[in-house]
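Beneath this line is the structure, given in structure tokens, with notes to follow.
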2 protein chains.
Amino acid sequence: MIRGGIGASMSFEGKDMPRKGARVKISDVSDALGLTKSTVSRALNHYPDISETTRTRVQAMADKMGYRPLSHAQAIRTGLVKSLGLVIQMADHDAQRPFLSTFLAGLSEGASTEGFTLTIATSNSEQVTLDTFKSMIRDHKADGFILPRTMVDDPRIALLRAADVPFVLFGRVAGASDLPFYDVKGGAAMHEAVQHLAVLGHRQIGFINGGTQYSYAPTRADGFLRGMFDAGLVVDPALMAQDAVTIDQARIAADGMLAASTPPTAIICAVDMAALGVYETAAARGLKIGYDLSVIGYDGIPEGAHVSPPLSTFAVDFKHAGLRLSDLLIRNIRGENPTGLQETATAQFLHRGSTGPAPHSHTNSKGGNYESEL
Amino acid sequence: MIRGGIGASMSFEGKDMPRKGARVKISDVSDALGLTKSTVSRALNHYPDISETTRTRVQAMADKMGYRPLSHAQAIRTGLVKSLGLVIQMADHDAQRPFLSTFLAGLSEGASTEGFTLTIATSNSEQVTLDTFKSMIRDHKADGFILPRTMVDDPRIALLRAADVPFVLFGRVAGASDLPFYDVKGGAAMHEAVQHLAVLGHRQIGFINGGTQYSYAPTRADGFLRGMFDAGLVVDPALMAQDAVTIDQARIAADGMLAASTPPTAIICAVDMAALGVYETAAARGLKIGYDLSVIGYDGIPEGAHVSPPLSTFAVDFKHAGLRLSDLLIRNIRGENPTGLQETATAQFLHRGSTGPAPHSHTNSKGGNYESEL
DNA sequence: ATCGTTTCCGAAACCGGTTTCGGCAAGGGT
DNA sequence: ACCCTTGCCGAAACCGGTTTCGGAAACGAT
């Protein structure tokens, strides 16, 4: 196992002078101060048995010399590698694709400000995902994990709990109130979507939900139902679909609705991808979006801005989500109480061109009332 | 710095029996065999001074006990953290977004098969990118780096060379023949695109190039020019544009071409995103794609399959690219000769609906000849 | 039988940090 | 003046591996 190392130089220099270009280690700092490395270590780590005087002196010298501890060197003793783990499972539909880069940007930024890095792995099935978690945990590749796309019954949660490894959910899960999470209130968004359409006079409103295995699905469905109730509208089971996360799946779902006896004048989609499918169906049926048929999406994917008419949707700030998630996870790793590590955010409605007044609208007399409920 | 550790149990068990659930370390293996840990270490690392007999014996026991060395524990001595670094810079246009997930999938798969992990960071400017590299190098967060989107004069290359850190380029760069790289032959694709259109009778062919700062731009331009020359066609400077990587930029470029005295009957785009911009321009001008105007793209982004008509393009296999890049990088880290770590791949033409015979075509007599040159 | 060579493994140092333990000196109380 | 704290730091062990060094046993050759 011979390897040409960078530090294999044999130049002679002052024995107390660290070789230029070589990494400055803790002993370099302690030597420079006439202290022992144990003192320097404790000073830098705010041990109470170090006087404030020498603490600042050590800190100053460390800064001056540009000392930065080697995270994997401390890891062997502390057990912390200063890294956040992310296992991205992209199987089936990979609707997560459009947000991935901004999501990563948020995670990376949040991690790096605390001196953490991001260790990621991918998988293409649930089994591989779980195996990846196991090996990453066993080899201690990360101090904690971010779990995107939580599912209603998520096996990752059981695994990480059993291993006693910190983690944070992107999307809360029912019945586990003691877990750290960050979630965007999709239910509220669906509720708002219904109100928006009701004000425009729509009465037959369809709802195309996403994958029922995901925790967001029931939440958004609830928001839709509640919105319909609050608007005094009747929910038609024929206008409810689910498990549509791709364009094709949504195309079929929308086609079914439009063939119903009382077709919808508006369709709300739990994910933008589905909304794009509705666009295709409408085009095939000669319906003009925003005129014959109103559509509202959710997610805020960039493609939505380029279809015609531009898709009105609820934009999720994935950069911010990543930022918050990494912060929550790091605090969880540091031992904060999980129940205090729960955050929600609001999706922002982008009023673009895909909604309009209900066709043949006999100006719903209740129209004005909904405003006050917003 | 008090931290509740998992291993803080005080249960009494046989002194030679590793606690169940605890990680099995090298001393556990050596104890079980009656050897010293130094012998076990050398056996596992194929040192020549270990007899084949004990080598297999050690290996068997290690496997049986499920021993896996802690990468950050070995890193402190070997200097290798067994991790590949990736700094994703998403500024300006982030056209790289659509491929990111599959690209990561390839990288991750390639890395994990060799026991490596992926450490990623993001940035939003060149300066931040370089700073990120510096800090990752200083803290030894990765053993080598993958450089996506190489530029013609890439500051990352200088930085990594100076630091003597292994890396591999995604996209070769002119004048640095001693660097490891993986590249997709975009020039050949542009050449093929011209041939395809020439066969269809097109004579006025426009070319919209991508960002000129990227190394792929001159390559693709050369391919286009060579293709025009080989097809016996004249290049009209008015039909050449560049730095169009977004829909909007391409829209403007295409608009300029179509307003020229001899407008193109076909436009080749260096990136799919630009092709989508051409679609918009065509729509605005009432031109039917594949009929009044032919378009060929490059990249193979998923959106291309959903526009109407579906975009004919050259698909790049980003999963494969990631797979090969990680392999090349790991071999580079292991000390292989860089000149042997250079690979190219071919983009595959997806013949979809965006090309058709040249309008008003007076059946170019040379038409048939191009076939034989393919 | 003697004397080098090899072969093969144990002992111990090492990597760059962290953490425990103990002791010296200054300070406080009586 | 004496004892007991308390504050503060050095010495040394430790984390989980790797690598150097040296020596005992087996081997081969004289």
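Since the model is a prediction, treat every value here as computed from it, not as a measurement. Throughout, a chain's letter reflects where its sequence line sits, starting with A, and its residues are numbered from 1.
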Could you write nucleotides 11-17 of chain D as a row of B, S and -, 5' to 3', where a protein heavy atom under 4.0 Å of any base atom gives B, of only sugar-phosphate atoms gives S, and otherwise -?
BB-BBBB
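- Under the rule for a side chain to side chain donor-acceptor pair (under 3.5 Å), A:Thr117 has no partner lying at least two apart in sequence or in another chain.
- B:Leu104 contributes atom CG, which lies 5.5 Å from atom CD1 of B:Ile88 (distance to the nearest 0.5 angstrom).
- For the pair B:His46 NE2 and C:dC8 C1', the computed distance is 17 Å after rounding to whole Å.
- Heavy-atom distances to DNA chain D give each of A:Gly34 and B:Val40 a nearest nucleotide, and the one nearer the 5′ end belongs to A:Gly34.
- Take B:Phe181 and apply the ring pair (Phe, Tyr, Trp, His ring centres under 6.0 Å) test, not counting sequence neighbours, and it matches no residue.
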Please report the C-alpha distance between B:Lys141 and A:Ser71 in whole Å, then the side-chain angles of each, then the deciding distance to 0.1 Å, and finally whether the side chain to side chain donor-acceptor pair (under 3.5 Å) criterion is met.
CA-CA 8 Å; B:Lys141 293 295 190 184; A:Ser71 65; 2.9 Å; yes
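- For B:Phe116, there are no ring pair (Phe, Tyr, Trp, His ring centres under 6.0 Å) partners at least two apart in sequence or on another chain.
- The CG-P distance, from B:Asp49 to D:dA26, rounds to 18 Å in whole Å.
- At a threshold of 4.0 Å, the pair A:Asp154-A:Arg161 does not count as salt-bridged, since none of the basic side-chain nitrogens sits closer than that to a carboxylate oxygen.
- What separates CD1 of B:Ile50 from C1' of C:dT6 is a distance of 15 Å, to the nearest Å.
- Annotation: salt bridge (Lys or Arg N to Asp or Glu O under 4.0 Å) contacts of A:Arg68 (sequence neighbours excluded): B:Asp139.
- Axis angle between the ends of the helix from C:dA1-D:dT30 to C:dT30-D:dA1, five pairs each and rounded to 10 degrees, works out to 50°.
- Between B:Ser123 and B:Thr132, the side chains place no donor N or O within less than 3.5 Å of an acceptor N or O (distance only, hydrogens not considered).
- Between the OH atom of B:Tyr47 and the P atom of C:dT7 there is a distance of 18 Å, rounded to whole Å.
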